Amino acid sequence: MKKNFLNIFLAGSLLAAALTSCTKNLDRFPLNDITAETVYSTPLGYKQAFAKVYGAYALTGNSGPDGTPDIQGINEGFSDFLRLYFKAQELSTDEAVTSWGDAGLPDFHNMNWGASNPFLQGLYYRCFYQITVANDFIRQSADDQVSARGITGADAEAIKVYRAEARFLRAFQYWVLMDLFGNPAFVTETDVIGETVPKRIERAALFNYIESELKAIEPLLAAPRTNEYGRADKAAAWALLARMYLNAQVYTGTARYNDAITYSKMVIDGGYSLISDYRNLLTADNQLNTSEFILTINYDGTSTQSYGGTTYLVRATIGDNMNPREFGMPDGGWFGLRTTKSIVALFPDAADKRGNFQQNNLEINEISKSSDGYIFKKYRNVTRTGALAPHQDPGGKFSDVDFPLFRLAEMYLVYAEAVARGGSGGSRATAVQYINLLRTRAYGNASGNITDAQLTPGFILDERARELHWEAHRRTDLIRFNRFTEGTYLWPWKGGVKEGRGVESFHNLYPIPSSELTANPNLRQNTGY
């Protein structure tokens with residue numbers, strides 16, 4: 001199923017050249033012979049354009065790893081969503097450091113980023129590129145547009161479902177912007193491209209918009225686990241709501257733990273179960289993990305070739321004294337990503353399979369030295385039997401590993417934390433049960449299980465690091481626990497100092513890119529920048 005949908009991604013990528021960007025900073029390379037009327041003239045055209053809304057998560061442009069990029073002003077290999085998002089969510093925390101010195105990259109761990117950081121600018125524009133693609137599809141798939149093109153019956157009904165999924169993907173990107181940038185620009189399908197300047201939206205108002213969108217589309221989405229692999233269903237909407245509600249106090253000033261319990265439980269009761277071996281979560285054949293995965297970004301070594309995504313997450317972790325063949329990358333590693341001793345310390349028991357490290361120097365004396373810092377051997381471009389990826393490109397450069405945007409384990413942790421924080425509608429006994437399902441899998445038996453007395457918010461923060469490390473959660477988690485900028489929790493090289501230091505609290509939000517402020521007078525910079 002993954003491969004069939006990826007083939008549609010490829011067809012859809014060419015159709016995206018008909019789209020126009022929402023700001024001057026998102027210049028495109030249009031093909032003069034492709035217009036919206038030709039793209040959307042048939043049911044097949046709709047599905048191909050719809051596939052681009054998904055494909056924009058995995059692709060960087062219309063012709064492979066280099067050539068016609070979606071966004072300008074950044075190296076195309078750096079410009080895909082996941083690679084940029086990982087940097088913002090992980091390199092700024094105790095979970096990841098990189099040895100690379102590209103301009104703007106050391107700013108993350110040093111926590112001294114500014115409004116001209118090229119990676120933050122790239123992420124902001126990547127989010128809006130994907131919102132623009134979604135907006136165009138949503139606009140073109142309105143009932144009156146579909147009817148005017150003579151599309152009726154089952155085809156028209158299918159397009160209604162596509163439209164609901166495009167609204168979900170737009171809502172997800174707005175959640176990313178709300179979480180990272182707080183108060184971004186805001187455009188929907190009703191804004192005429194080129195005629196209106198995007199307005200600014202406050203963080204709390206954006207929260208309300210995303211919440212209302214997810215609840216509005218819920219009846220239109222497929223039931224949990226009934227949609228095509230890699231496409232959103234009701235459970236994806238519930239999972240995003242659960243994640244938002246867990247962080248609602250940060251976003252709006254009002255806690256919503258009761259709602260976090262309600263929606264995480266809806267996902268949990270949607271027919272999901274954990275796969276048996278944690279080490280098989282992020283392998284080249286992880287499209288088999290449909291019992292645990294709720295929504296994925298799909299990657300294919302032949303169909304989604306880029307130097308971002310899970311290609312980055314596999315190859316950047318291959319470093320000193322590591323065999324690239326073990327990770328399914330015969331073309332070699334990039335000697336980049338490691339973790340800090342603060343995270344290693346969360347795995348005191350070697351029986352916990354989640355602590356699967358390449359043990360280099362534990363101390364990071366020099367961030368630029370790739371042998372300083374342990375490496376998580378989490379992303380592997382081989383099958384669970386150790387065979388090379390089934391869709392490996394001939395040069396052995398690109399990954400076949402899908403990335404889970406949502407999986408069941410996170411929902412167990414959301415439920416447990418919301419209960420531990422005093423939310424109603426759940427039970428501590430059930431929360432302990434969910435945590436112990438994770439720990440039984442991690443240990444292979446009940447030896448690591450916890451008791452009710454151990455179920456505290458602080459324990460769950462540590463358990464989230466053990467379970468979800470390098471899956472782009474850590475910055476959001478540390479902010480929720482008041483441990484991101486504060487001097488009360490330090491890790492190696494936090495704030496650019498080997499021993500770690502606290503930084504100003506305004507770093508809990510990233511800055512609106514200076515180029516965007518210049519282009520859009522409706523925006524204003526976040527406090528402190």
Side-chain angles (χ1 to χ4, degrees), residues 57 85 89 127 131 134 138 161 163-180 182 186 188 201-227 231-272 292-297 404-426 430-431 434 460 464 468 471-473 476-477 479-480:
Y57 279 71
Y85 186 54
Q89 286 287 83
C127 291
I131 288 168
I138 294 164
V161 178
R163 190 172 194 263
E165 291 178 44
R167 290 172 68 184
F168 170 85
L169 295 173
R170 179 178 64 183
F172 179 84
Q173 286 297 326
Y174 272 125
W175 171 78
V176 171
L177 289 164
M178 175 182 68
D179 184 70
L180 273 66
F186 181 72
T188 70
I201 188 168
E202 295 280 349
R203 199 180 207 186
L206 186 51
F207 179 98
N208 292 337
Y209 167 79
I210 299 168
E211 179 185 31
S212 65
E213 272 289 277
L214 294 173
K215 290 184 176 181
I217 64 175
E218 177 191 349
L220 305 173
L221 295 170
R225 304 191 66 213
T226 64
N227 209 346
R231 288 175 56 186
D233 58 18
K234 293 181 191 296
W238 299 337
L240 181 52
L241 283 166
R243 186 185 290 179
M244 283 176 51
Y245 289 138
L246 186 66
N247 290 284
Q249 190 158 25
V250 173
Y251 300 146
T252 70
T254 302
R256 300 282 295 272
Y257 299 123
N258 300 354
D259 292 319
I261 290 168
T262 297
Y263 279 88
S264 59
K265 192 68 165 64
M266 289 168 69
V267 178
I268 292 166
D269 292 342
Y272 296 93
E292 181 164 350
F293 287 175
I294 298 162
L295 181 63
T296 54
I297 302 176
L405 291 172
F406 301 97
R407 60 183 178 93
L408 176 62
E410 181 197 354
M411 294 299 104
Y412 286 158
L413 290 158
V414 169
Y415 180 99
E417 183 180 333
V419 166
R421 288 181 178 271
S424 62
T430 302
Y434 290 157
I460 294 167
R464 286 181 67 93
L468 301 174
E471 294 182 45
H473 295 275
T476 302
D477 290 347
I479 290 172
R480 186 171 66 255

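Below, all heavy atoms of this structure are taken into account, side chains as well, without hydrogens, waters or symmetry copies. Bear in mind that the values here come from a model prediction, so they are computed numbers and not experimental data.
Of all heavy-atom pairs spanning Ala237 and Leu214, the tightest one is O-CD1, 4.1 Å. The two residues Gln89 and Ala472 have their closest heavy-atom pair at NE2-O, 3.1 Å. Closest non-hydrogen pair, Leu220 versus Ala164, comes out as CB-CB, 3.7 Å. Pairing each heavy atom of Ala242 with each of Ala260, the nearest pair is O-CB, 4.0 Å. Considering all non-hydrogen atoms of both residues, Asp179 and Arg203 come closest at O-NH2, 3.0 Å. Residues Ala216 and Pro219 approach most closely at O-CD, 3.4 Å, considering heavy atoms.
Within the 4.5 Å cutoff, no side-chain heavy atoms of His473 are placed close to those of Leu413. The closest side-chain heavy-atom distance from Glu218 to Met266 is below 4.5 Å. Residues Lys215 and Leu241 have side chains in contact (heavy-atom distance under 4.5 Å, counting atoms from C-beta outward). Between Thr430 and Val419 the shortest side-chain heavy-atom distance does not fall below 4.5 Å. The shortest side-chain heavy-atom distance between Tyr245 and Glu211 falls under the 4.5 Å cut-off. Within the 4.5 Å cutoff, no side-chain heavy atoms of Glu410 are placed close to those of Glu471. Using a 4.5 Å heavy-atom cutoff, the side chains of Val414 and Arg464 are in contact. Annotation: side chain of Thr188 is in contact with side chain of Arg170 (closest heavy-atom distance under 4.5 Å).
Phe168 is linked by a ring-ring contact (aromatic ring centres under 6.0 Å, His included) to nothing, counting only residues two or more places apart in sequence or in another chain. Scored by the ring-ring contact (aromatic ring centres under 6.0 Å, His included) test, Phe186 finds Tyr174, Tyr209 as partners (sequence neighbours excluded). The ring-ring contact (aromatic ring centres under 6.0 Å, His included) test applied to Tyr85 returns Phe81, not counting sequence neighbours.
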- Check step by step if side-chain contact (heavy atoms from CB on, under 4.5 Å) holds for Arg480 and Arg421. CA-CA 12 Å; Arg480 186 171 66 255; Arg421 288 181 178 271; 4.1 Å; yes
- Take Glu417 and Tyr257 through the side chain to side chain donor-acceptor pair (under 3.5 Å) test and state the conclusion after the steps. CA-CA 9 Å; Glu417 183 180 333; Tyr257 299 123; 5.8 Å; no
- Going through the distances and angles, do Glu165 and Asn227 end up as a side-chain contact (heavy atoms from CB on, under 4.5 Å)? CA-CA 11 Å; Glu165 291 178 44; Asn227 209 346; 3.1 Å; yes
- Message: Walk me through whether Tyr272 and Met411 qualify under side-chain contact (heavy atoms from CB on, under 4.5 Å).
- Response: CA-CA 11 Å; Tyr272 296 93; Met411 294 299 104; over 6 Å; no
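Between the Asn258 side chain and the Ser424 main chain, a donor and an acceptor come within less than 3.5 Å of each other. Proximity of a side-chain donor or acceptor of Ser264 to a complementary backbone N or O of Ile261 within less than 3.5 Å is detected.
Here Leu180 contributes atom CG and Ile479 contributes atom CD1; the two are 8.0 Å apart, rounded to the nearest 0.5 Å. From Leu246, atom CG reaches atom OH of Tyr263 across 15.0 Å, with rounding to the nearest 0.5 Å. A distance of 12.0 Å separates OG1 of Thr252 from CG of Leu206, quoted to the nearest 0.5 Å. To the nearest 0.5 Å, atom CZ of residue Arg231 and atom CG of residue Leu295 are 11.0 Å apart. For the atom pair Met244 CE and Asp259 CG, the distance stands at 10.5 Å (nearest 0.5 Å). Here the straight-line distance linking atom NZ of Lys234 with atom CD1 of Ile217 works out to 9.5 Å at 0.5 Å rounding.
Tyr251 and Phe207 have tilted rings, their planes meeting at an angle from 30° to 60° on a 0 to 90° scale. The aromatic rings of Tyr57 and Phe172 sit tilted, their planes meeting at an angle between 30° and 60°.
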